[in-house]
Participant: 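Once you've had a glance at the structure underneath, I'll fire off some questions.
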Number of protein chains: 2
Amino acid sequence: MAGKETAGRRWSIGELARASGLTVRALYHYDEIGLLRAGERTASGHRRYTGDDVRRLYRVRALRALGLPLEKIAEVLADPADDLDTMRALLAVQLRDLEEQAGRIHRLTQEVRGLLCRIDEESMPGPEQFMATLEMMSMFDAYLTREQQEQLAERRAALGPEGVEEAKLRWAGLVEELLGHAQAGTPADDPRVRALVARWDALADRFHADGEAGERTRAAARRMWRDNGTEISRNLPWPVDRMTALVAYVERVRRSEA
Amino acid sequence: MAGKETAGRRWSIGELARASGLTVRALYHYDEIGLLRAGERTASGHRRYTGDDVRRLYRVRALRALGLPLEKIAEVLADPADDLDTMRALLAVQLRDLEEQAGRIHRLTQEVRGLLCRIDEESMPGPEQFMATLEMMSMFDAYLTREQQEQLAERRAALGPEGVEEAKLRWAGLVEELLGHAQAGTPADDPRVRALVARWDALADRFHADGEAGERTRAAARRMWRDNGTEISRNLPWPVDRMTALVAYVERVRRSEA
DNA sequence: CTAGAACCTCCCGTCGCGGAGGGTTCAAGC
DNA sequence: GCTTGAACCCTCCGCGACGGGAGGTTCTAG
């Protein structure tokens with residue numbers, strides 16, 4: 001049926017490059033790996049691409065735009081295209097990944113754009129705070145999944161700005177009290193500090209959802225605090241060494257409970 | 001001011017990898033290229049990362065998430081971060097690119113998703129048409145800029161589905177007439193075929209905007225038709241060889257006018 | 001006929017790591 | 001103190017999708 005094309009226009013590699021928006025070098029590459037060979041060659045060895053080749057190239061381009069690696073593209077095009085189901089499944093997976101990626105990029109750019117705006121408005125003191133916020137975002141990414149971050153954002157929104165501010169104030173008070181105990185040398189199993197840590201956890205719970213998912217988020221956040229408490233607290237108006245001591249102290253209290 | 005950290009917790013490379021979500025190998029890489037060296041080494045050569053290093057790593061992660069290449073990140077972090085303007089400009093450019101990319105991905109996935117749905121509904125005959133549509137999308141990408149494609153989409157929407165259908169019908173009529181003339185051997189400078197080509201162009205103009213931008217789009221579309229008319233018309237119910245002849249014929253008519 | 005554009009092959013470089021290989025060192029249990 | 005297994009060290013090779021240059025041949029317009 002669809003035999004070789006024996007007549008019609010031929011394209012040189014340069015013409016094809018211009019027509020497809022690719023570079024000549026890319027076409028050489030496709031030839032090398034066997035993804036798109038020229039249907040013919042002149043006596044002297046120049047590539048002559050046939051209409052079929054052009055058609056194939058557009059398919060390649062289209063699939064590549066979907067993010068398929070060249071090898072997969074070769075596979076898809078190697079089949080006589082009758083196993084539509086395979087291709088559809090493959091594309092579906094690819095699409096999901098692409099959209100997720102696009103969403104992540106979009107959210108990230110929105111956040112950073114917001115940051116930049118706030119810098120413009122001089123409401124932020126300078127590059128230090130900016131970098132600190134970037135660090136926090138990166139840290140959240142390292143410890144929490146996307147869903148968990150969304151959960152937290154939801155809870156924050158539910159509490160509202162004044163709710164968040166109030167929690168911050170309460171937290172500041174707890175920090176002061178715990179620092180006092182740490183400096184005074186109160187032992188980690190003292191009921192008073194245990195009570196303080198319990199209030200600390202209750203405060204954190206305001207930001208977590210209920211159920212198993214919330215429990216996992218809580219555990220992840222606690223790991224994050226344990227590993228990076230000092231870094232986290234650089235955003236805050238307390239000296240770093242005291243925060244380091246605080247992190248260690250809270251950890252000791254927790255361990256004395258377990 | 002911010003001298004070297006002489007006391008405090010130290011991290012091994014494995015701990016740092018776990019804390020940051022990167023791999024040990026990646027950290028080796030960062031060390032190799034000088035992006036993040038361990039502040040200290042043990043006598044035996046094991047890396048000891050200091051708190052400063054951890055802090056730097058989170059900055060690296062954050063900037064990398066924005067798509068900056070590692071070298072740029074090193075530059076940004078090399079400056080004492082006082083030239084905030086440079087960084088802001090750099091980030092702004094990066095953000096624009098990222099958002100554009102995200103938008104492209106999103107539009108592409110939407111279109112392909114639509115295609116897949118239509119395949120499911122059996123309203124499309126099969127993989128051939130599916131691939132043909134993908135080819136068209138890729139071809140549009142090669143010849144038209146994003147703005148130009150959006151312009152065309154706008155005009156299509158303005159014409160409405162029935163407007164588009166009517167244009168298709170008229171175009172089919174023109175194709176038939178021109179094919180007749182081509183087969184009958186009517187010379188390319190015959191006033192009758194010139195009139196037909198003029199109507200052809202007028203029809204195309206319905207899809208183009210006014211002004212200089214529209215003019216450029218028109219030119220690009222004409223280039224696309226000249227280079228790929230045969231491929232384009234594979235979507236249409238005429239035999240391919242006749243369309244090839246038609247493309248050549250229309251091109252001759254245009255040249256005889258110039 | 002000649003200039004210069006286009007084409008050929010071969011090969012090395014990029015970027016951000018992954019993974020293997022082969023040796024050394026650390027930390028915990030006995 | 002000794003062993004053992006995990007963690008760490010360094011070095012090298014590889015990928016994917018080309019970019020770019022060297023050094024030579026061929027095509028095409030004037």
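Below, each value reflects all heavy atoms present in this structure, side chains not excepted, and no hydrogens, waters or symmetry copies.
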Participant: What distance do Tyr30(A) atom OH and Ile13(A) atom CD1 have between them, rounded to the nearest 0.5 Å?
Facilitator: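 Separation between the atoms: 11.5 Å.
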Participant: On the nucleotide dC9(D), are OP1 or OP2 found under 4.0 Å from the side-chain N or O atoms that Tyr28(B) carries?
Facilitator: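 Yes, Tyr28(B) has a side-chain N/O under 4.0 Å of OP1/OP2 on dC9(D).
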Participant: Looking at CZ of Arg47(B) and CG of Leu16(B), how far apart are the two atoms once the value is rounded to the nearest 0.5 Å?
Facilitator: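 That separation rounds to 11.0 Å.
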Participant: Glu71(B) CD to dG16(C) C1': how many Å, rounded?
Facilitator: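 Rounded to the whole Å, the gap is 13 Å.
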Participant: Can you check whether Arg47(A) has a side-chain N or O nearer than 4.0 Å to OP1 or OP2 of dT9(C)?
Facilitator: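 For dT9(C), OP1/OP2 do have a side-chain N/O of Arg47(A) under 4.0 Å.
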Participant: Below 4.0 angstrom from OP1 or OP2 of dG18(C), is there any side-chain N or O of Thr23(B)?
Facilitator: yes
Participant: Would you check if the side chain of Arg59(A) reaches a backbone N or O of Leu77(A) as a donor-acceptor pair within less than 3.5 Å?
Facilitator: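 Not a single qualifying donor-acceptor pair exists.
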Participant: Write down the distance between CH2 (Trp11(A)) and C1' (dA6(C)), rounded to a whole number of angstrom.
Facilitator: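 About 19 Å, once rounded to whole Å.
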Participant: Just the rounded figure in Å: distance from C1' of dA7(D) to OH of Tyr49(B).
Facilitator: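 The answer, rounded to whole Å, is 14 Å.
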Participant: Need to verify one output field. Residue with the more 5' nearest nucleotide on DNA chain D, Glu15(B) or Arg64(A)?
Facilitator: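 Its nucleotide being nearer the 5' end, the pick is Glu15(B).
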Participant: Within the distance-only criterion (no hydrogens, no angle test), does the side chain of Asp31(A) pair as donor or acceptor with the backbone N or O of Tyr28(A) below 3.5 angstrom?
Facilitator: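 Absent.
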Participant: Distance check: side-chain N/O of Ser12(A) vs OP1/OP2 of dC7(C), anything under 4.0 Å?
Facilitator: yes
Participant: Would you classify Leu70(B) as touching base, sugar-phosphate or nothing, given that sugar-phosphate means primed atoms plus P, OP1 and OP2, and contacts are heavy atoms under 4.0 Å?
Facilitator: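 Answer is sugar-phosphate: Leu70(B) comes under 4.0 Å of backbone atoms only.
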Participant: Would you say dC9(D) has OP1 or OP2 under 4.0 Å from some side-chain N or O of Arg25(B)?
Facilitator: no
Participant: Does Thr42(A) or Ala26(A) map to a spot on DNA chain D nearer the 5' end, using the closest nucleotide for each?
Facilitator: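 Nearest nucleotide further toward 5': that of Ala26(A).
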Participant: Using whole Å, what does the distance between atom C1' of nucleotide dC17(C) and atom CZ of Arg61(B) come to?
Facilitator: 15 Å
Participant: If each of Gly45(B) and Ser44(A) is mapped to the nucleotide of DNA chain C with the nearest heavy atom, which maps nearer the 5' terminus, i.e. the 5' end?
Facilitator: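 Its nearest nucleotide lies further toward 5', so the answer is Ser44(A).
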Participant: Students often get this wrong, so: under 4.0 angstrom with heavy atoms, is Arg48(A) touching a base, only sugar-phosphate, or nothing?
Facilitator: nothing
Participant: For dT25(C), does OP1 or OP2 lie under 4.0 Å from any side-chain N or O of Arg41(B)?
Facilitator: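 For dT25(C), neither OP1 nor OP2 has a side-chain N or O of Arg41(B) closer than 4.0 Å.
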Participant: Any side-chain N or O of Tyr30(A) under 4.0 Å from OP1/OP2 of dA17(D)?
Facilitator: no
Participant: Using a 4.0 Å heavy-atom cut-off across all strands, classify Ile13(B) as base, sugar-phosphate, or nothing.
Facilitator: sugar-phosphate
Participant: Are there more than 12 heavy atoms of other residues, nucleotides or ligands under 6.0 Å from atom CD of Glu71(B)?
Facilitator: no
